[in-house]
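Here the structure comes first, spelled out in structure tokens, and everything after it is commentary.
Starting from 1, each residue takes its place in the sequence as its number.
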Amino acid sequence: MPQLSVIVYGPNAQGHLTELLDSLEAHPLTDAEVIVAAVGDWAREAAEGHAPETVVVPLPEDTGDAAARAAGAARATGRWLHFVHAKDSLPAGAPRLIAERTAELDATGTESADVLLFDHVTTTWQTAATPSRDGRLLAAVGRESLPLDEAADLLRLTPLLGNRALRAEFWRAHAERLTTDDEPQAAHAALLHAGRVACLNQAAYESRELRPESLPPLAPEDRFELIERYESLLALAKDRRAARAVLYDLMMRDLVRTFAGENLPDAVAREFFRRASLAAVRWRPENHERPAGVEGVRHALLEEGAYTKYRAFQAANRTRRAAKKAVRTRKKQVGAKLRDQQYQRALTRPVDPNLAVFAAYWERGVACNPAAIAAKLRELAPHIHPVWVVSKSNEALLPPGTDHVIPGTRRYWETLAAAKYLVNNVNFPNAVVKRPEAIHLQTHHGTPLKRMGLDQMEHPAAAKGLDFDALLARIDKWDYSVSANSHSTRMWERAYPARYTSLDYGYPRNDVFYSATAADVRAARERLGIPPGKTAILYAPTHRDYEAGFTPRLDLAALADRLGEDTVLLVRAHYFYGGAASPLTGLRRSGRIIDVSSYDPVEELCLAADALVTDYSSIMFDYANLDRPIVVYADDWETYRTTRGVYFDLMTDHPGQVARTQEELTEIFVSGAWRDESAAKARAAFRRRFCEYDDGRAAERVVRRVFLGEPEEALPPVIPLEERTPAPTPEEASA
């Protein structure tokens, strides 16, 4: 009996069934089966082309969705069922994620769930893989299964059958009640009938919206089905106070939106309003409070059945909104036009050959490779004046005397227009014009393990909100791309295909790992408050595209207790989360760890640490320059690899010991395996591959080539790895 039955159902609308089955075939399923309830000849032919991997259930052309789902489910043998419409798609690895999560639920016995909910993305005829807004609702529930009454807000999730999996026994027990062609009704009804529900806060479904103009038109009277749907669901939830309250809110929202947004004939509009008014009064929960403001007025008029008043209110509201919008638009247009005129005028002036603009991490401040290049520039080319771009919120954190501009200001645009050199470890805004005389230097901010740039297109969780056309326009402005190793060079050229020149010089930010002295190491530890003689372990997990926020994946208190009084944990949350490292607060106050989430520069943390624990963060490639122990904590490697995509298998090409559980991680340190011979051997191979060009002189090579125009052959050659001497370890520095 397979764990999961993927039941694909429906006609081959616009040929999308073929794409879906091709993608499933490209990622063979383990512990899962595929059944295609194929409606019509085209769907049957497409499905049979993928046999015997799929079980084909041919159905007549006019078979409805509900009947097709039922026919597919009747052939299913899995413990869980996932209904996938033939027009939709599945992200790579989604069936495996669902199968693993449902197996985890099955292992809980009586505390298991009948319905598993997960996130999704939406593709239209114009957009690809747009993230949903469901992630925070799923994240709020966590991983425990619970009755719907304890998490009624889950009814607010997008009502798709595809973003939930149903236990097969549950489906068979309630199939008659769930068999309807109205998918939102079936999706909601599944939750209302479930004993317990559980969540998976990852995108495991891709819903495709077909262009309305390509579909048969709806009759005006079809809008009445919305009222019937909610009345049916509210009747089902009549004795469940929390669920009924949520459903009523959803009904009122959808009724008002439909009435406001649909251009219905007057007779149909009046009848819709009449029926909607009756439903609003009939199902209003006791002590229900209307929303404030305009929305509350709409609800009151609907309950009153005041059609004429409602229409007058709509007309007045539209007039008021149009007037306000016109004022706002005019202000924005005037401001934008003024800024654009100032920028355009600045672009007509000569480029200043001695002006360089630096930025890092989306205007966070002086950091990373740009900071190391700017420091070397002061030494080798002091005639070139650096100006940093920094956000208003980070302005106070700049080193004293740093010349800087705030994004959007007049001086910002004038400086960008005049500068000969523009240096960034991400990208400058789309509006920045590439002047022929200007030089754009892209330094990047890590060695790529995860997929980047255009390679993210295949991974919806990683591609949230990305405009790939705009990305291509930005990379076309690059003149130079800095690389730390040949792996990075190859991946950048693949992910960011353009005509820039790759500078295989090493990462300037890593120069300090060869120039730092014993005194520098001691000073870094003193600034961090690490007592002498203690072993400092830096824990630096990376961002996960499929998680809504930062939660430590380790029980840090338990780990600190097991490692003993002689060990200090330095914990650094990913910078994407800003100040979101609140789960660390209690531990920080207890003294068992040092929260270094806001500590800059990160290179000092590396110098101070005796060892690094990370998951998939690029910090491992930088830290490897120090030739100190690295332990990979990869509790969710398969999930990360599937959702984000990776360029190589870290479980094979790792920089030291690998732990998959906290128990394994603890044992690695307690036993001393973190610095044994096998760990050293793995680290040596990792350093040969990924510390290829880092030798302490990267910034010098960049400045001489880009800013001083020296030829390649005149630059300092890269020192062979075996001839390099990293900064002393904390133990060596204290001797």
Looking only at heavy atoms, which two atoms of Ile475 and Tyr500 are closest? And how far apart? O-CD2, 4.4 Å
Leu441 and Tyr480: which non-hydrogen atoms are nearest, and at how many Å? CD1-CB, 3.6 Å
Residues at least two apart in sequence or cross-chain that pass salt bridge (charged side-chain N to carboxylate O under 4.0 Å, His left out) with Lys681, listed by chain then number, are none
Are more than 12 heavy atoms from other residues, nucleotides or ligands located less than 6.0 Å from atom CD of Glu710? yes
Does NZ belonging to Lys534 count more than 12 external heavy atoms closer than 6.0 Å? yes
Given 3.5 Å as the limit, does a donor-acceptor pair link the side chain of Arg641 with the main chain of Val646, or not? no
Result block: side-chain N/O donor-acceptor pairs under 3.5 angstrom for residues 711-722, not counting sequence neighbours:
from, atom 1, to, atom 2, distance (Å)
Glu712, OE1, Tyr505, OH, 2.8
Glu712, OE1, Arg705, NH1, 2.5
Glu712, OE2, Tyr505, OH, 3.4

Could you check if a side-chain atom of Leu449 sits within less than 4.5 angstrom of a side-chain atom of Ser618, using non-hydrogen atoms only? no
With a 4.5 Å heavy-atom cut-off, do Met491 and Met452 have their side chains touching? no
Does the ring centre of His654 sit less than 6.0 Å away from the ring centre of Phe686? no
Side-chain ion pair, Asp695 and Arg701, N-O less than 4.0 Å: yes
Would you check, one step at a time, whether the test side-chain hydrogen bond (donor to acceptor under 3.5 Å, both in side chains) holds for Tyr647 with Asp455? CA-CA 10 Å; Tyr647 287 118; Asp455 289 336; 2.6 Å; yes
State whether a side-chain donor-acceptor pair under 3.5 Å links Trp413 with Asp340. no
Is there side-chain contact between Phe690 and Ser488, with heavy atoms separated by less than 4.5 Å? no
Which residue, Asp635, Thr643, Thr642, forms the side-chain contact (heavy atoms from CB on, under 4.5 Å) with Thr639? Thr643
Hey, are Asn369 and Asn425 close enough side-chain-wise for a donor-acceptor pair under 3.5 Å? no
What's the verdict on side-chain hydrogen bond (donor to acceptor under 3.5 Å, both in side chains) for Ser483 and Thr489, showing C-alpha distance, side-chain angles and the deciding distance? CA-CA 6 Å; Ser483 179; Thr489 301; 2.8 Å; yes
For a side chain to side chain contact (heavy atoms under 4.5 Å, CB included) check, start with the C-alpha distance between Leu528 and Val568, then their side-chain angles and the critical distance, and finish with the verdict. CA-CA 11 Å; Leu528 289 164; Val568 175; over 6 Å; no
Ion pair present between Arg572 and Asp600, side-chain N to carboxylate O less than 4.0 angstrom? yes
Kindly give the heavy-atom pair with the smallest separation between Glu206 and Pro91, and that separation in Å. N-CD, 4.0 Å
Take Thr447 and Asn485, measure what side-chain hydrogen bond (donor to acceptor under 3.5 Å, both in side chains) needs, and give me the verdict at the end. CA-CA 8 Å; Thr447 290; Asn485 47 66; 3.3 Å; yes
Cation-pi between Arg644 and Tyr640: NZ/CZ under 6.0 Å from ring centre and within 45° of the ring axis? no
Under a 3.5 Å threshold, yes or no: a donor from one side chain and an acceptor from the other, between Ser481 and His444? yes
Nearest atoms (heavy-atom pairs only) where Trp674 meets Asp610: CZ3-O, 4.2 Å
Is the Phe707 ring parallel, tilted or perpendicular to the Tyr421 ring (thresholds 30°, 60°)? tilted
Atom pairs and distances, side-chain donor-acceptor, residues 373-387, under 3.5 Å, sequence neighbours left out:
from, atom 1, to, atom 2, distance (Å)
Lys376, NZ, Glu379, OE1, 3.2
His385, NE2, Asp403, OD2, 2.6

Before giving the answer on side-chain hydrogen bond (donor to acceptor under 3.5 Å, both in side chains), spell out for Asn430 and Arg474 the whole-Å C-alpha distance, their side-chain angles and the decisive distance to 0.1 Å. CA-CA 6 Å; Asn430 297 337; Arg474 290 192 295 272; 2.6 Å; yes
Is any side-chain heavy atom of Val121 closer than 4.5 Å to one of Thr130? no
Any Lys/Arg nitrogen of Asp476 or Lys434 sitting under 4.0 Å from an Asp/Glu carboxylate oxygen of the other? no
Check whether any side-chain heavy atom of Glu363 sits under 4.5 Å from a side-chain heavy atom of Asn394, and report yes or no. no
Apply side chain to side chain contact (heavy atoms under 4.5 Å, CB included) to Val357 and Val423, showing your working. CA-CA 6 Å; Val357 173; Val423 183; over 6 Å; no
Check each of Arg527, Arg509, Arg522 against Glu604 using the salt bridge (charged side-chain N to carboxylate O under 4.0 Å, His left out) test, and report the only one that passes. Arg527
With side chain to side chain contact (heavy atoms under 4.5 Å, CB included) as the criterion, how do Trp478 and Asn427 come out once you've worked through the C-alpha distance, each side chain's angles and the decisive distance to 0.1 Å? CA-CA 9 Å; Trp478 299 356; Asn427 265 307; 2.9 Å; yes
For residues Thr729 and Leu626, determine if any side-chain heavy atom of one lies less than 4.5 Å from a side-chain heavy atom of the other. no
Looking just at side-chain N and O atoms, do Glu493 and Ser502 make a donor-acceptor pair shorter than 3.5 Å? yes
Answer yes if the side chains of Asp595 and Ser597 hold a donor-acceptor pair under 3.5 Å, and no otherwise. yes
Residues Leu538 and Ile619: closest non-hydrogen pair is CD2-CD1, 4.0 Å
Closest non-hydrogen atom pair between Pro370 and Ala359, with its separation: CG-O, 3.4 Å
Evaluate the side chain to side chain contact (heavy atoms under 4.5 Å, CB included) criterion for residues Leu472 and Leu454: first the C-alpha distance (whole Å), next the side-chain angles of each, then the deciding distance (0.1 Å), finally the verdict. CA-CA 9 Å; Leu472 289 170; Leu454 298 188; 3.8 Å; yes
May I ask you to test the Tyr507-Val482 pair for a side-chain heavy-atom distance under 4.5 Å? yes
Other residues, nucleotides and ligands only: do more than 12 of their heavy atoms fall within 6.0 Å of CZ on Arg349? yes
Can you say whether the rings of Phe621 and Phe648 are parallel (under 30°), tilted (30 to 60°) or perpendicular (over 60°)? perpendicular
Charged N to carboxylate O below 4.0 Å: is that the case for Arg410 and Glu414? yes
Hydrogens and angles aside, do Tyr514 and Asn625 bring a side-chain donor and acceptor to less than 3.5 Å of each other? yes
Going by heavy atoms in the side chains, are Cys368 and Glu603 under 4.5 Å from each other? no
